[in-house]
Protein chains: 2
Amino acid sequence: MEEIRDTVSHDQEAPARRVRLSDLATALGLTKSTVSRALNDYADISPDTRDRVRKMAAQMGYAPMPSAQAVRTGRVRALGLVLELDAPDRYGPFLADFLGGITQAASVEGWTLTIASSTSRADMEATITRLLQEHKVDGFILPRTRVQDPRAIFLQSKRVPFVLFGRVGYGQRDAGLSWYDVDGSGAMRDGVARLVRLGHKRIGFVGPCEAFNFAMLRRDGYREGLALAQIAHDPALEIMGVSDRAEGAVAARALLDLPEPPTAIVYATDATALGAYDVARERGLTIGRDLSLIAYDGIPEGRMIEPPLTTFAVDSRHAGERLAALLIAQLRGTPAEELTELVAAQLQPGGSDGPPRMT
Amino acid sequence: MEEIRDTVSHDQEAPARRVRLSDLATALGLTKSTVSRALNDYADISPDTRDRVRKMAAQMGYAPMPSAQAVRTGRVRALGLVLELDAPDRYGPFLADFLGGITQAASVEGWTLTIASSTSRADMEATITRLLQEHKVDGFILPRTRVQDPRAIFLQSKRVPFVLFGRVGYGQRDAGLSWYDVDGSGAMRDGVARLVRLGHKRIGFVGPCEAFNFAMLRRDGYREGLALAQIAHDPALEIMGVSDRAEGAVAARALLDLPEPPTAIVYATDATALGAYDVARERGLTIGRDLSLIAYDGIPEGRMIEPPLTTFAVDSRHAGERLAALLIAQLRGTPAEELTELVAAQLQPGGSDGPPRMT
DNA sequence: TAAAGTACCGAAACCGATTTCGTAAAGGCA
DNA sequence: TGCCTTTACGAAATCGGTTTCGGTACTTTA
């Protein structure tokens, strides 16, 4: 401790009275109201004084106190995020990037991120309500959009701005909503196309529970890929409701045990695709030769495994940045329906896909 | 969208005027000041009216607006957390649990968590400063404590309350500081003891960069374990500066290539221990028979691998909960030095450790 | 019974901003 | 010159709370 105190080279002065609006005003020989309006770009302030105020503010290091502003304006310049602790796969390793993206983007605009967590759906509504009635946040970012997302419905009824990570409602118009999404459908389609180019004709698909939008979208992408290649869709090759590595393995066994097994499988998520590696080891198959795999997510384990998993990676950092930007824009007045963004996933070639083996 | 709007079963009324202190006051036939003091346990309010006010507040669903309180009190009831995006291993999969723990514990006390991120050390100080001068947080939780932690030094110079995840300053007294830590040292010591009981005599150690406190502490635990078993400490068996799986593999090779290789290795982190699995596969060694491993962290991959890694698991959720509680207590007036907590890591037996093979 | 406490509550100032309203000076037009 | 707009700013109200300061009414003490 002594060592620490001694190494301190920073400003020692503890109090360091913060400069208030009134300090600025007296320093300039103006009143608070004039200074405030100057800083907030009111039209009835002359350009001269506006600049003079701005300069002095910067010089004196003035920063308005958000709490005080909030009392009057009702806005706290804070984005809200509710983590769902009871979610199936717990966000995985992307959370840090995602949060980093949000906070960085929010920070440059002078906003902050307030997070809370819920352990059940009922709890989630209570959490959101608390954040709202305590005026801790101005709007929400909702990750993991689900079909008929209860959070979206809830917030919409309260007229609270929010933005979704993932489109809402499969097949339904999501008019009036703001969202950011990665084109999982397009990725699956491209994945199929890539396999077709390699020579595959029987291509399976393994996806998660249909309650998730992205599951449906990716499945459709798979089907679209087949259609574009003029391959008939065989329902037997399509398995849904798979959410982890073990279940991914079960699905792989089921597909490989078919009378006419697929030579390649498209997995909707990396985590489940890892199950196929386990099955391959069990049966002495070589991934990338005896069985081709393409998945989606870009989890780090996919790069560590042998052979590395070919996958469509999502940029969680970018997602966070854009979601924050979209929400802030909405809070500033842009109509929600104008704030939607669909980006492509990035193909990350590994060694898990190759030409089919001639049997 | 139509579907969504139709399914809404919640309160449709959009405005839902929030009840203010003055509403409560008029409803009770009292003044704002009396009601406020009643709610804040002032001594000059009779127990009768205090209870009456409390009851009515609960009935009317009154919740004070933190921003308004903050203007007067200077406290926003928010904890701050700065994520370091440039950190070596990016928090891993524990972040969700950790954040969940913090927010849950904070929530029951009526506090919230505000997070920001930094991409460099300079950026970190700027971020902290911004949060502080904007009055967005009252105190900080600092994860990943380092020797002579710059954040601790900085905050201490500003007299801002904070609590550390991990003790500060290896070997130096951290008087006046508040922290929570998992006893990594004790875990390493117990790990060595466990291996000794299994019959091992040559036990190696692989740890991370010495700049981290926990690295030093775990190394010391290893040495202590050897001393307790009356085994001489062989510097050749101790490798530091290892931070990921690949480097863990390099370390394993180095140890196994020694003239007298160890029969067991204690890794300071699970992630690096996975590297030993790779080396074992390379050389045809069976983990748990030809080479025993014990590590620390409890990452999910350790449980998936074959054989499962024997490790000392940390409960990130609990850490978050306790850190929040400690910081809140400090902000409520408890002296920082009374707020320290050391908990034991939980042994999670796998199959990676067994009796040494007789060669 | 008068003086001195004590218990309890109201009135008003205050925190740090924003916003409405009023008004003096400058400019435009006849 | 006289009247009407603008232009640009000050005065004061306001947001939703907290806190200081008095001032009753009721006890206690002398």
Side-chain angles (χ1 to χ4, degrees), chain A residues 15-54 56-57 60-78 110 132-136 138 331-333, chain B residues 15-54 56-57 60-78 110 132-136 138 332:
Chain A
R17 190 96 190 83
R18 59 174 295 136
V19 337
R20 295 156 304 185
L21 187 65
S22 57
D23 298 331
L24 237 185
T26 58
L28 284 161
L30 295 172
T31 59
K32 292 194 309 174
S33 67
T34 304
V35 175
S36 173
R37 290 190 316 244
L39 292 174
N40 290 313
D41 272 327
Y42 273 61
D44 63 349
I45 300 293
S46 79
D48 285 354
T49 51
R50 176 164 53 70
D51 295 345
R52 203 161 60 90
V53 169
R54 286 270 167 76
M56 180 63 90
M60 297 180 63
Y62 168 75
M65 190 169 110
S67 311
Q69 297 179 309
V71 174
R72 194 73 232 256
T73 64
R75 309 275 293 280
V76 287
R77 289 217 312 266
L132 242 32
Q133 94 158 2
E134 289 196 347
H135 260 272
K136 289 275 191 174
D138 298 316
L331 288 167
R332 284 183 175 153
Chain B
R17 192 96 190 83
R18 59 174 294 135
V19 325
R20 295 155 304 183
L21 188 65
S22 56
D23 297 330
L24 237 185
T26 57
L28 285 161
L30 296 171
T31 60
K32 289 196 313 175
S33 66
T34 304
V35 174
S36 173
R37 290 192 316 245
L39 292 174
N40 291 313
D41 272 325
Y42 273 59
D44 64 348
I45 299 293
S46 77
D48 285 354
T49 50
R50 177 164 51 70
D51 295 343
R52 204 160 61 90
V53 170
R54 287 270 168 74
M56 181 63 91
M60 296 180 63
Y62 169 74
M65 191 170 108
S67 311
Q69 307 186 90
V71 175
R72 193 75 229 257
T73 65
R75 308 274 294 280
V76 287
R77 290 217 309 266
L132 243 32
Q133 94 157 3
E134 289 197 345
H135 260 273
K136 289 276 193 173
D138 299 314
R332 284 184 175 154

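The figures here come from the full heavy-atom set of this structure, side chains too, leaving out hydrogens, waters and symmetry mates. Proteins get letters first, then strands, A, B, ... in listed order; numbering begins at 1 in each.
Rounding to whole angstrom units, CG of residue A:Leu39 and P of D:dC9 are separated by 13 Å. Between the CZ atom of A:Arg72 and the P atom of C:dC14 there is a distance of 19 Å, given to the nearest Å. Between A:Leu21 atom CG and D:dC15 atom P the separation is 19 Å, expressed in whole Å. One interatomic measurement links the two molecules: NZ of B:Lys136 to P of C:dA17, which rounds to 14 Å at whole-angstrom precision. If you measure from atom CD of A:Glu134 to atom P of D:dG17, you get 11 Å, rounded to the nearest angstrom. Taking atom NE2 of residue B:His135 and atom P of nucleotide C:dG16, one finds them 8 Å apart after rounding to whole Å. Distance CG (A:Asn40) to C1' (C:dT19): 10 Å, rounded to an integer number of Å. Separating the CZ atom of A:Arg75 from the C1' atom of C:dT19 is a distance of 16 Å, rounded to the nearest angstrom.
Listed pair A:Ser36 / C:dT18 meets the phosphate criterion, a side-chain N or O lying under 4.0 Å from OP1 or OP2. Distances shown here put a side-chain N or O of A:Thr31 below 4.0 Å from the OP1 or OP2 atom of D:dG10. Remark: B:Gln69 is in phosphate contact with D:dT18, judged by side-chain N or O atoms under 4.0 Å from OP1 or OP2. At least one side-chain nitrogen or oxygen of B:Arg20 sits closer than 4.0 Å to the OP1 or OP2 atom of D:dG16.
Of the possible donor and acceptor atoms, none in the side chain of A:Arg77 sits under 3.5 Å from a partner among the backbone N and O of A:Ala70. The backbone N or O of A:Asp44 sits nowhere less than 3.5 Å from a side-chain atom of A:Arg37 that would complete a donor-acceptor pair. Looking at B:Arg18, its side chain never comes within 3.5 Å of a backbone N or O of A:His135 through a donor-acceptor pair.
Closest approach to the A:Met65 side chain among D:dT18, D:dC15, C:dA17 is made by C:dA17 (side chain taken as heavy atoms from C-beta onward). In the set D:dC9, C:dA17, D:dT18, the nucleotide with an atom closest to the side chain of A:Ala68 is C:dA17. Out of C:dT18, D:dA12, D:dT18, the shortest distance to the side chain of A:Ser33 is found at D:dA12. Distance from the side chain of A:Tyr62 is smallest to C:dA17 among C:dA17, D:dG10, C:dA13. Distances were taken from every side-chain heavy atom of A:Lys32 (C-beta onward) to each of D:dC15, D:dT18, C:dA17; the shortest belongs to C:dA17. For A:Arg37, the side-chain atoms get nearest to D:dC9 when compared with the rest of C:dC9, D:dC9, C:dG16.
When all heavy atoms of B:Ala63 and A:Gln133 are compared, the closest pair comes out as CB-NE2, 3.0 Å. Residues B:Tyr62 and B:Leu21 approach most closely at CE1-N, 3.5 Å, considering heavy atoms. Heavy-atom minimum distance, B:Val76 versus A:Ser67: CG1-OG, 3.5 Å. Residues A:Val35 and A:Ala25 approach most closely at CG2-CA, 3.8 Å, considering heavy atoms.
A heavy atom closer than 4.0 Å to some atom of DNA chain C occurs in B:Asp44, B:Ile45, B:Ser46, B:Thr49, these being the qualifying members of residues 41-51 of chain B.
Atom OG of A:Ser36 is separated from atom CG of A:Leu24 by 10.5 Å, given to the nearest 0.5 angstrom.
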Write down the protein N/O and nucleotide N/O pairs, taken from nucleotides 25-27 of chain C, whose separation is under 3.5 Å; answer none if there are no such pairs.
none

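Ion pairing between a basic and an acidic side chain is recognised when a charged N comes within 4.0 Å of a carboxylate O; B:Asp51 and B:Arg54 show no such pairing. Here A:Arg332 does not pair with A:Asp138 in a salt bridge; the nearest charged N to carboxylate O distance is not below 4.0 Å.
Residue order along DNA chain D, read from the 5' end via each residue's closest nucleotide, puts B:Ser67 first among B:Ser67 and B:Thr34.
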